[in-house]
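Please read these numbers as outputs of a predicted model, since none were measured by experiment. Any value given below was found using the heavy atoms of this structure, including those in side chains, with hydrogens, waters and symmetry copies removed. First the proteins, then the strands, lettered A, B, ... as listed; each starts at 1.
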2 protein chains.
Amino acid sequence: MPERKVIPLDQIKVACKNCSLATLCLPIGLTPEDVDRLDQIVKRGRPMHRGDQLFATGDPLHNLFVVKTGSVKTYCPSTDGGEQVLGFHLPGELIGLEAIQDGFHHCAAKVLETSAICEIPFDRLEELGTRIPSLQHQLLRLLSKEIGHDSGMLLLLGKKSAEERLAAFLLSLSTRYRQRGLSPTDFFLSMSRHEIGNYLGLAVETVSRLFTRFQEEGLLEVSRKHVQLRDLDGLHELLGEHEPYLRQAGIAMRS
Amino acid sequence: MPERKVIPLDQIKVACKNCSLATLCLPIGLTPEDVDRLDQIVKRGRPMHRGDQLFATGDPLHNLFVVKTGSVKTYCPSTDGGEQVLGFHLPGELIGLEAIQDGFHHCAAKVLETSAICEIPFDRLEELGTRIPSLQHQLLRLLSKEIGHDSGMLLLLGKKSAEERLAAFLLSLSTRYRQRGLSPTDFFLSMSRHEIGNYLGLAVETVSRLFTRFQEEGLLEVSRKHVQLRDLDGLHELLGEHEPYLRQAGIAMRS
DNA sequence: CGGGTTGATTGATATGGATCAACCATGGGC
DNA sequence: GCCCATGGTTGATCCATATCAATCAACCCG
């Protein structure tokens, strides 16, 4: 059983050019000089704790955020006090893109566990983009990826059963952990059952029952937040055997 | 009862600078000179008919598409022959943005009725964007808007009842028709009940029953494809009284 | 015009997952 | 180390919506 990660302080302030996330984040495809220029506008590694808010609905867009360590959820609060969880974000993922359309955030973002977050002033990023075409291109790609991901979620919520949704969710986490050099089969969930259910359009109780059922079927072992996937192929088969779109959209393999 | 629109031929080939959609489409915020430059790369007004495909899943990204007249649906085909409808696109809306992430289309697009479609070679658009910052900005905004719209759909599919979904759908059409100078209360649906149900994650029969129920309640009158909304406020109330996110995300008011 | 195909409506029944209700485990605070 | 708060699990019941089945209306084509 892996220890829960303790964030080494000396990794928090690392520059983009030395950051292990460079291949997942904005710097992809940039020359070292361009990464240096990006580095100068990035505000790095503010450490935050469970429940801290990155931004709220209606806030003006100042910064985009990148998870450096830890995890973040985005959600849209509803008038009745409820909310819809829109996504869970792992290291290297860019948050706040929905605000570009009109300069205001349309959802909120909260830190799920102790996390380090980079902030990028959007106006400076955009201005830098006009001078570095490959940065602009990368930004467009990241927005587009988000659209593809959302489309996969629409398919999931529109057409898939509870069991398919949970399987897709777990496989998505698995793939994203693998990409980050972490175990794709053994990890801790930083979000509650309630948040998982909310994200997947299911009741908490359904999520809980599915976890126990998956365990009985030998697909995984679960103990509170600790999950060990025992049969990745079996989980994949639950998704209607190679649903091509979910793969491409990155639900099962957020690429 | 309005006549079904017949497309006047002389409007098909109109340049961006004279196009009635300029305020909804890419040219927003561009100087007249920049619109001229954009004009030079746009391939205009290819007329297409119901069922014609703009692109299929897996096609390489060559062009982005803009609906000039008519309407288009995007959807992702599923292995089992089924599909998930991702969106219905009215004049001025840009299609194909999900393909920017890796240069391949992850969904397919089909024309719903006789339509005129503009095509924009993406590589030339992007290259033009590096020289016209306001064009680049507008492109980012359009991508971001798509993300916001998708988030609204996730809320709709994740949390809302069948009746709320259909009301939101109708109000979204209403608002978008209004923005285009058409009647927000009297229009033809270019998509079938089956496609509406698919889009909203509902069975055809449920959609049909809801239409009749809404009619009985005096919210609208419907006869096949022809819809007349009689009580916009009543429909809005169905959406849990001013759900702020749905409004901002543009489900009920795609802005 | 008439037969056949497709899409829409309506009714009867089935069911997946929500909801309601206990109960249990964990962990944090005093 | 105990107590309470919170989150998770499990069971019983209910309901919204799917599914199955039949009929109906429109439209196309010969």
Quick check: closest heavy atoms across A:Met48 and A:Ile117, and the distance to 0.1 Å? SD-CG1, 3.8 Å
Among the candidates D:dC20, D:dT9, C:dG17, find the nucleotide nearest to the side-chain atoms of A:Arg193. D:dT9
Could you work out which one of C:dG17, C:dG11, D:dA18 sits closest to the side chain of B:Ala203? D:dA18
Can you tell which of D:dG11, C:dT10, D:dT17 lies closest to the side chain of B:Glu205? C:dT10
Distance check needed: D:dA18 C1' versus A:Lys160 NZ, whole Å only. 16 Å
Assign the ring pair A:Phe65 / A:His105 to parallel, tilted or perpendicular, where the plane angle (0 to 90°) is split at 30° and 60°. tilted
Are OP1 or OP2 of C:dT10 and a side-chain N or O of B:Thr212 less than 4.0 angstrom apart? yes
Take the protein atom CG of B:Leu166 and the nucleotide atom P of D:dA18, then report the distance between them rounded to whole Å. 12 Å
Would you kindly give the CD-to-P distance between A:Glu164 and C:dG16, to the nearest whole Å? 12 Å
Gap between atoms CZ and P, on A:Arg213 and D:dG11 respectively (whole Å): 14 Å
Candidates C:dG17, D:dT10, D:dT19 - which lies nearest the side chain of A:Ser161: C:dG17
Expressed in angstrom and rounded to an integer, what is the separation of B:Lys159 atom NZ from D:dT17 atom C1'? 18 Å
Expressed as a whole number of angstroms, how long is the span from A:Leu112:CG to D:dG7:C1'? 15 Å
Of the listed nucleotides D:dT19, C:dG17, D:dG7, the one nearest the side chain of B:Arg209: D:dT19
Nucleotide nearest B:Arg224 (side chain, heavy atoms from C-beta), chosen from C:dA18, C:dG11, C:dA8: C:dA8
Return yes if some donor-acceptor pair links the side-chain N/O of A:His106 with the main-chain N/O of A:Phe104 below 3.5 Å, else return no. yes
Of the options C:dT9, C:dG7, C:dA18, whose atoms approach the side-chain atoms of B:Ser208 most closely? C:dT9
Which nucleotide in the list C:dT10, D:dA26, D:dG8 gets nearest to the side chain of A:Lys225? D:dG8
Of the listed nucleotides (C:dT9, C:dG7, D:dT10), which one gets closest to any side-chain atom of B:Ser192? C:dG7
Between the main-chain N or O of A:Asn198 and the side-chain N or O of B:Lys159, is there a donor-acceptor pair closer than 3.5 Å? yes
What integer distance in Å separates A:Leu157:CG from C:dG17:C1'? 14 Å
Does B:Gly197 reach a base, just sugar-phosphate, or nothing at all? Heavy atoms under 4.0 Å. nothing
Spacing of A:His194 atom NE2 relative to D:dT9 atom C1', expressed in whole Å: 16 Å
Closest approach of A:Leu90 and A:Val67, non-hydrogen atoms and distance? O-CB, 3.5 Å
